[in-house]
Amino acid sequence: MLAIFKRELRSYFTGVMGYVFMVIFLVAAAAVFCYTTLFSMSADVTSYFVIMLMFSAIILPILTMKSFSEERKLKTEQLLMTAPVSITGMVIGKFLAAYVMFASAVVFTSLYFLILIPYAITFKLALLLGNIVALLLVGSVFVSVGLFVSSLTENQLSAAVGTIAIILGFLTVGLLSSLIPSNYAIRYVLDSLSVFGRFTTFTSGYFDISAVVFYLSLSALFLYLTVRIYDRRRYN
Amino acid sequence: MNETSVPVIKVENLVKRYGTNYALNDISFEIGEGEIVGLLGPNGAGKSTTMNILTGYLSSSSGAAYINGIDILENPLEAKKFIGFLPEQPPIYPEMTVAEYLNFVYELKCCKLDRDPHIEEILSVVKLTDVKDRLIRNLSKGYKQRVGIAQALIGDPKIIIFDEPTVGLDPKQILEVRNLIRMLGRRHTVILSTHILAEVQAVCERVIIINKGQIIANERTEDITRTIEGGYRYEAKICAQAKDVLPALRAQGAIKNAEATGAKDGDAYVYVVESAAGVDARKAVFTACADNRFPLIGLAPIGTDLESIFINLVDRSDAQGADKKLKAKKAH
């Protein structure tokens, strides 16, 4: 598992994908930061994180689209699957590598807010931390969705498009509930599935344990499905 | 096979089904320690499937495979520790250097041997020391294949499995790879698959022939060669009329049968000569021609290509199968 994690992390930087992701993420974060705080003379943390969440949904597939598709195309998965490493170990190794890339980008760009501290009277460090944690949690869902889709296809582009589609589906499912005002049962289900709805409880300053559990279980579910895909493929 | 050796690989009634298609249909064999065994068969016979099941890449539909006594399905992580595997296409990452790649495999296999000397040794065995800092992407096909072989050797596994190791290599590289395999056979149990009979004859002590998912022969290489050569047929080109030649040839004891094909090559007529069991008809053909002063201008074996051998062996195994069924019926 450690070997796969290390190789994967290194491959982001021996190829171009790691740089592409980092550059796009850092530049976008800087632009969004300037726009939401400096230009609008505000110490508001929330709008930055909401925009970055949407943005992550679109660029995270850069990190995950290759993960399994490329192994399948190059037939290197035969090496991984015949080495004394469990499938779970392999999937977790790949997850951690992509996640470390994402998390370091998030943490690094969040440091931008520290320059506000001397100037803003209303700035709340706890709120900033809450938002960082929320983005990291939602990111883990996105990464595991990306790995899952990547395990389904040899084609990187399909993997990326499929990932974005599923993630946007998760983000918009909450909007559907506002379209069905009358049926409370359906609204309840839709609301509880909404990735975005739970994100906003964080951004408004609540540390919601149930949301933490929700995000972690959703990530675990997709990683489990990835393991199952590989397990299944040996039989047919 | 050494009778006292423990089977390092034991395969029992292996079946692999895809829908209604059988890729493997009830295959059983054993391989002892230190053997070099060839899996021979035409494309699509089930060689790769067998190897993929042995290495834990695929699961069988039924039956079992034991590596060093460990069931690969029940305890795959333990069983895989004994295997080094070179798949049909070497599993290499083009963006890594040879040394980086081997270090990765070393970590992946949780190898306990002393890292640097071990990797250096493998590099020198497969003659990759000169290119160890080059990107795999930039290496030639032969070198890539050697990187694949090097990868299989990491951790000094007891069993090494090569799936078509010489496909796509040039003749010189083929010889090098065969020598390498022969050398590895001194310290490891080696299984290799191929569709080239000569390769098995050059390298393997024993051959398992697979056709359409079934084993049609499993014997020592020398024995199989004899089976194939018993009833050997030759094509002889003789510059003389059939009415003179055929009686002279048929008079020889070593010749079971001689026929004219009716074909002509220049002023030579083409004849087919069949050996009597266990003898070589070529000497007899020469003697017959020399005694009668027939100019003999060509003599070549026919039916030694894999296809005819398969036809032979399939016929033989069908006959045996029919015998067995008959005996089984009688026993009931």
Side-chain angles (χ1 to χ4, degrees), chain A residues 1-21 62-63 65-94 96-97 101 150-151 154 156 227-236, chain B residues 16-19 21 23 48 51-62 67 70 72-73 75-97 100-101 103-111 135-137 144 147-148 151-152 154-155 157 161 163:
Chain A
M1 185 181 108
L2 195 63
I4 293 176
F5 167 71
K6 276 161 67 183
R7 199 208 75 80
E8 204 68 15
L9 201 54
R10 193 185 316 151
S11 80
Y12 284 127
F13 294 104
T14 51
V16 289
M17 289 307 183
Y19 296 104
V20 170
F21 173 79
I62 292 180
L63 291 179
M65 64 186 190
K66 272 176 86 169
S67 296
F68 291 105
S69 336
E70 178 129 305
E71 302 266 3
R72 243 175 113 180
K73 207 163 142 196
L74 293 175
K75 308 273 184 201
T76 42
E77 66 170 23
Q78 245 173 322
L79 172 68
L80 305 183
M81 306 273 292
T82 58
V85 183
S86 65
I87 301 175
T88 315
M90 173 179 86
V91 170
I92 290 178
K94 289 198 175 261
L96 287 179
M101 292 286 292
S150 175
S151 75
E154 276 185 28
Q156 293 183 26
V227 173
R228 291 299 304 158
I229 291 280
Y230 266 85
D231 224 12
R232 200 57 226 152
R233 196 176 298 144
R234 292 193 311 174
Y235 288 92
N236 42 38
Chain B
K16 178 73 185 176
R17 213 176 40 230
Y18 295 103
N21 272 343
S48 292
M51 292 190 149
N52 284 334
I53 292 174
L54 282 178
T55 52
Y57 181 58
L58 289 177
S59 296
S60 54
S61 308
S62 69
I67 304 297
I70 304 165
I72 184 86
L73 262 188
N75 198 349
L77 295 191
E78 208 46 48
K80 285 172 186 174
K81 285 184 186 160
F82 296 100
I83 302 178
F85 180 37
L86 169 68
E88 218 167 337
Q89 194 177 334
I92 45 180
Y93 294 96
E95 82 282 1
M96 294 177 111
T97 68
E100 276 171 1
Y101 174 70
N103 272 293
F104 163 65
V105 177
Y106 177 94
E107 286 174 22
L108 185 70
K109 291 188 177 174
C110 307
C111 184
L135 284 180
I136 294 176
R137 177 200 309 283
K144 282 181 183 160
V147 176
Q151 161 274 123
I154 290 212
I161 300 183
D163 197 352

Residue part contacting chain A, namely of B:Phe85, when any heavy atom lies under 4.5 Å: side chain
Non-hydrogen atoms of A:Thr82 and B:Tyr57 that approach each other most closely: CG2-CB, 3.8 Å
Heavy-atom contact with chain B under 4.5 Å, split by part of A:Thr14: side chain
Per-residue contact mode, B:Phe82 against chain A (heavy atom under 4.5 angstrom): neither
Greatest number of heavy atom pairs closer than 4.5 Å to chain A - which of B:Arg17, B:Glu88, B:Lys16: B:Lys16
Region of B:Glu78 that comes under 4.5 Å of a non-hydrogen atom in chain A: neither
Residues in side-chain hydrogen bond (donor to acceptor under 3.5 Å, both in side chains) contact with A:Arg233, at least two apart in sequence or another chain: none
Approximate separation, where rounding is to 0.5 Å, of B:Ser59 OG and A:Arg232 CZ: 9.5 Å
Partner of B:Glu107 by salt bridge (charged side-chain N to carboxylate O under 4.0 Å, His left out), out of A:Arg7, A:Arg10, A:Lys6: A:Lys6
Part of B:Leu54 within contact of chain A (heavy atom distance under 4.5 Å): neither
Which residues share a ring-ring contact (aromatic ring centres under 6.0 Å, His included) with A:Phe13, sequence neighbours left out: A:Tyr19
Residue-level contacts of residues 70-79 of chain A with chain B, using a heavy-atom cutoff under 4.5 Å: A:Glu71, A:Leu74, A:Lys75, A:Thr76, A:Glu77, A:Gln78, A:Leu79
Residue, of B:Gly19, B:Pro87, B:Gly56, that accumulates the most heavy atom pairs under 4.5 Å with chain A: B:Pro87
Top contributor to chain A contacts, counting heavy-atom pairs under 4.5 Å, from B:Glu95, B:Lys80, B:Met96: B:Lys80
Heavy-atom closest pair, residues B:Phe104 and A:Leu80: CZ-CD2, 3.9 Å
Pair listing, salt bridge (charged side-chain N to carboxylate O under 4.0 Å, His left out) test, anchored in residues 78-87 of chain A, at least two apart: none
Residue part contacting chain A, namely of B:Ile83, when any heavy atom lies under 4.5 Å: neither
B:Tyr18 versus chain A, the contacting section by heavy-atom distance below 4.5 Å: side chain
Contacting moiety of B:Asn52, where chain A heavy atoms sit under 4.5 Å: side chain
